[in-house]
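None of these values were measured; they are calculated from a predicted model.
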Amino acid sequence: MKKIITPTILLLSIVSLLTDVSSEMLYPVMPLFLQSIGFSTIIIGVLEGFAEAIAGISKIYFGRISDSKERRMPFVRMGYFLSSISKPMMAVFSFPLWIFLARTIDRLGKGIRTGARDAILSDETTPENKGTVFGFHRALDTSGAALGPFVALIFLQYHPGKYAPLFLIAFIPATLSLLLTLVIRERHKTIIIEKGKSSPAEKFFYWRNSSLSFRKLMVALLFFGLINSSDVFLLLRAKTVAGNDSSVLIIYIFYNIVFALFSLPAGRLSDKIGMKKMITAGFIIFAVAYGGMAFTQNMVAIAIMFFLYGIYAAATEGISKALISNIVPKSETASAIGFYTGWNSIAALIASSVAGIIWYKVSPEATFALSAAGAMLTAILLGSMSLKERSAVR
């Protein structure tokens with residue numbers, strides 16, 4: 001493991017851990033905070049939808065820019081810087097335009113750094129160890145996602161309703177993560193790229209020149225994105241069964257712990273059996289978890305479904321990026337991952353909008369059942385595909 005996990009991979013993973021402590025400390029309480037300062041449910045939905053759209057578009061654009069400039073760390077540092085300064089901004093003023101600006105800056109930061117950071121992770125290892133590396137990074141990243149809500153839970157137990165100070169507390173790990181990026185040095189290597197002028201619009205069209213294997217994989221992954229709605233709906237289901245906010249926070253922390261614990265083992269296993277097989281298995285587990293959520297009526301069953309959901313996440317999230325990096329040329333890693341994560345964010349926005357309509361117009365059960373059916377269809381589609389990788393493992 002020491003030879004596989006280089007100092008750069010370790011530092012980037014710790015940076016992600018600290019950033020997720022900061023971000024996930026705020027994620028479960030964000031709707032409560034916005035409501036406390038007078039935001040309606042409609043405005044909250046518009047705000048979050050706009051923020052995610054900004055993140056998606058910027059992932060596509062800046063991933064392409066990172067490849068064309070042959071640089072990684074400037075994008076990583078700028079991305080973490082923007083996300084860091086957005087945290088105290090939320091606590092200073094509470095009028096709508098300022099909140100929109102702060103959330104936009106935070107999501108823009110995520111978009112700027114994602115493709116470049118994942119390209120560094122890919123460059124630091126071999127095709128045969130991509131699953132392990134991305135699994136390790138996801139494990140530390142998600143450990144932060146478990147610690148953050150735990151800090152929020154403890155704070156609100158002693159200071160109920162005091163949301164603004166949490167944004168100042170969140171600034172501490174965010175700043176530490178930014179400082180750590182200053183000691184990371186990217187490898188200097190020659191990347192062969194087709195030179196020439198291109199318009200800003202062309203930065204969004206990586207699909208046009210991508211390989212057949214990449215396109216086939218994107219069809220499967222982005223189709224799944226269109227049926228994979230926000231985790232908010234899972235939390236709403238848990239709230240309906242549990243009836244209190246504390247139980248929802250606890251179940252969310254539990255999910256992230258499972259996600260973190262299984263990410264590295266899933267990554268290592270994917271290097272042995274093939275990443276496509278692991279992702280396919282993850283989609284099947286997703287279908288079981290969502291199908292179960294459609295009929296769950298007690299907290300024990302809710303906990304089991306969240307346990308399965310954590311395993312699904314461990315089997316797919318980091319490994320999907322690892323598989324992409326094994327399919328495309330090294331010089332296009334940031335572009336390809338940026339394309340996937342960007343359009344996946346936009347697909348998730350569409351999925352959440354449709355899920356919300358089905359939830360209120362039909363039933364919560366129908367929302368989960370439809371997603372479960374879509375996940376099984378995706379598993380069949382992906383399992384039947386033949387993908388050309390740069391690794392010998394399939």
If we ignore hydrogens and angles and just use 3.5 Å, is the side chain of T104 paired with the main-chain N or O of F100 as donor and acceptor?
yes
Has the side chain of K388 got a donor or acceptor atom that lies under 3.5 Å from a matching backbone atom of S211?
no
Is the shortest heavy-atom distance from the side chain of R117 to the side chain of H137 under 4.5 Å?
yes
Answer yes or no: is there a donor N or O on one side and an acceptor on the other, between the side chain of S363 and the main chain of A366, under 3.5 Å?
yes
Is the centre of the F306 ring less than 6.0 Å from the centre of the F254 ring?
no
The ring pair (Phe, Tyr, Trp, His ring centres under 6.0 Å) partner of Y290 among F283, F295, F368 is F368
Would you mind checking if R268 and D271 are paired as a salt bridge, meaning a charged N to carboxylate O distance below 4.0 Å?
no
Determine, stepwise, if the pair S13 / F136 fulfils side-chain contact (heavy atoms from CB on, under 4.5 Å).
CA-CA 8 Å; S13 300; F136 176 82; 3.6 Å; yes
Got a second to check how far S213's OG is from N326's CG, nearest 0.5 Å?
11.5 Å
Please find the pair of heavy atoms, one from M299 and one from A238, that lie closest to each other, and give the distance.
SD-O, 4.2 Å
Give the C-alpha distance, both sets of side-chain angles, the deciding distance and a yes or no for side-chain contact (heavy atoms from CB on, under 4.5 Å) between N344 and L221.
CA-CA 8 Å; N344 196 52; L221 295 182; 5.9 Å; no
With distance as the sole criterion, is a donor-acceptor pair present between the side chains of T341 and K59 under 3.5 Å?
no
Should I346 and I357 be regarded as members of a common hydrophobic cluster, given that ILVMFWY residues are connected when their side-chain heavy atoms come within less than 4.5 Å of each other, either directly or indirectly?
no
Check this for me: F150, atom CZ, are more than 12 non-hydrogen atoms of other residues, nucleotides or ligands nearer than 6.0 Å?
no
Side-chain donor-acceptor pair present, Y312, N228, cut-off under 3.5 Å:
yes
Report yes if some heavy atom in the side chain of T114 is under 4.5 Å from a heavy atom in the side chain of K321; otherwise report no.
yes
After noting the C-alpha distance and the side-chain angles of S325 and T333, does the key distance pass the side chain to side chain donor-acceptor pair (under 3.5 Å) rule?
CA-CA 6 Å; S325 71; T333 304; over 6 Å; no
Verify the cluster assignment for V300 and I302: are they in a single hydrophobic cluster under the rule of side-chain heavy atoms below 4.5 Å apart?
yes
Are R103 and D106 ion-paired here, with the side-chain N under 4.0 Å from a carboxylate O?
yes
Can you get from L212 to L217 by hopping between Ile, Leu, Val, Met, Phe, Trp and Tyr side chains that sit under 4.5 Å apart?
no
Count I, L, V, M, F, W, Y as connected when their side-chain heavy atoms are under 4.5 Å apart, and connections chain through other members. Are Y340 and W207 then in the same cluster?
yes
If you compare all heavy atoms of A139 against all heavy atoms of L264, which two are closest, and at what distance to 0.1 Å?
CB-N, 4.2 Å
Nearest heavy atoms of M376 and A287, plus distance in Å:
CG-CB, 3.5 Å
Closest non-hydrogen atom pair between R77 and T181, with its separation
NE-O, 3.0 Å
Got more than 12 heavy atoms from elsewhere within 6.0 Å of CZ, F233?
yes
Walk me through it: do L166 and F155 pass the test side-chain contact (heavy atoms from CB on, under 4.5 Å)?
CA-CA 8 Å; L166 274 174; F155 178 85; 3.7 Å; yes
Salt bridge check: are K272 and E128 linked by an N-O gap of less than 4.0 Å?
no
Would R113 pass as a cation-pi partner of Y80, given that its NZ or CZ must be under 6.0 Å from the six-membered ring centre and within 45 degrees of the axis?
yes
When you compare the side chains of K110 and S83, does any donor N or O come within less than 3.5 Å of an acceptor on the partner?
no
Could you check L387 against I327 for side-chain contact (heavy atoms from CB on, under 4.5 Å), going step by step and ending with a plain yes or no?
CA-CA 8 Å; L387 303 176; I327 287 175; 4.2 Å; yes
Check: S263 and E317 side chains under 4.5 Å, non-hydrogen atoms:
no
Is there a path of hydrophobic side-chain contacts, each under 4.5 Å between heavy atoms of I, L, V, M, F, W or Y residues, that connects F307 with I284?
no
Does R64 reach the side chain of F339, with side-chain heavy atoms less than 4.5 Å apart?
no
For the residue pair L17 and D141, establish whether any side-chain heavy-atom pair is separated by less than 4.5 Å.
no
Closest non-hydrogen atom pair between I324 and F214, with its separation
CG2-CE1, 3.9 Å
Between E124 and K130, is the salt bridge (Lys or Arg N to Asp or Glu O under 4.0 Å) condition met? List the steps.
CA-CA 9 Å; E124 283 287 317; K130 292 283 181 71; over 6 Å; no
Heavy atoms only: give me the nearest A174-S84 pair and the separation to one decimal.
O-OG, 3.0 Å
Check: S66/R71 side-chain N/O donor and acceptor closer than 3.5 Å:
no
Whether D20 and R138 form a salt bridge (side-chain N of Lys/Arg under 4.0 Å from carboxylate O of Asp/Glu) is what I want to check.
no
What I want to check is whether the side chains of Y309 and D231 have a donor and an acceptor closer together than 3.5 Å.
yes
Looking at R215, is its backbone amide N or carbonyl O close enough to the side chain of S210 to form a donor-acceptor pair, meaning the two atoms are under 3.5 Å apart?
no
